[in-house]
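Have a look at the structure below before the remarks.
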Amino acid sequence: MSKAVAEVEQHLDSIDPYDKGEYLEAIEHAPGLVESESNPICFLRFHKYNTQSKARGIVKYWSLRKEIFGEDLFYLPMTLHEAMKQYRSALE
């Protein structure tokens with residue numbers, strides 16, 4: 001499995017920085033969250049162990065997350081105390 005993770009890292013490194021801007025931005029603001037939210041094993045299973053597809057999937061995940069939650073929230077944990085706190089009153 002560690003070989004596959006290393007291959008994913010190589011593929012991520014080969015993606016143009018412009019195309020992975022949201023991913024890089026998330027790493028800058030919340031590296032621990034990126035590590036936990038972009039779990040290599042989960043993404044590898046989803047992408048049927050295709051490491052290149054997995055790397056593109058991680059980049060797409062962070063891009064969509066920014067599109068959905070916006071500039072200020074996409075790199076926060078998706079909890080009712082962090083990025084989704086404005087929805088907390090709807091659940092009370």
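What you see is a predicted model; the values in this text were computed from it and never measured. In this chain, numbering begins with 1 at the start of the sequence shown.
Between the side chain of S63 and the backbone N or O of V59 there is no donor-acceptor pair closer than 3.5 Å.
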The test is side chain to side chain contact (heavy atoms under 4.5 Å, CB included); show your working for W62 and V34 and say whether it passes. CA-CA 9 Å; W62 287 100; V34 172; 3.8 Å; yes
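Partners of K20 under the salt bridge (Lys or Arg N to Asp or Glu O under 4.0 Å) rule, at least two apart in sequence or in another chain, do not exist in this structure.
For the atom pair N50 CG and E7 CD, the distance stands at 9.5 Å (nearest 0.5 Å).
For the residue pair D72 and L76, the shortest heavy atom distance occurs at O-CD1, 3.9 Å.
L64 is listed as a side-chain neighbour of E67, based on a closest heavy-atom distance under 4.5 Å. With a 4.5 Å cut-off on side-chain heavy atoms, T51 and V5 do not count as touching. A 4.5 Å side-chain heavy-atom check between Y23 and L12 finds at least one atom pair inside the cut-off.
Here side-chain hydrogen bond (donor to acceptor under 3.5 Å, both in side chains) pairs that include residues 24-37, with residues two or more places apart or in two chains, are E25-K66, E37-Y61, E37-R65.
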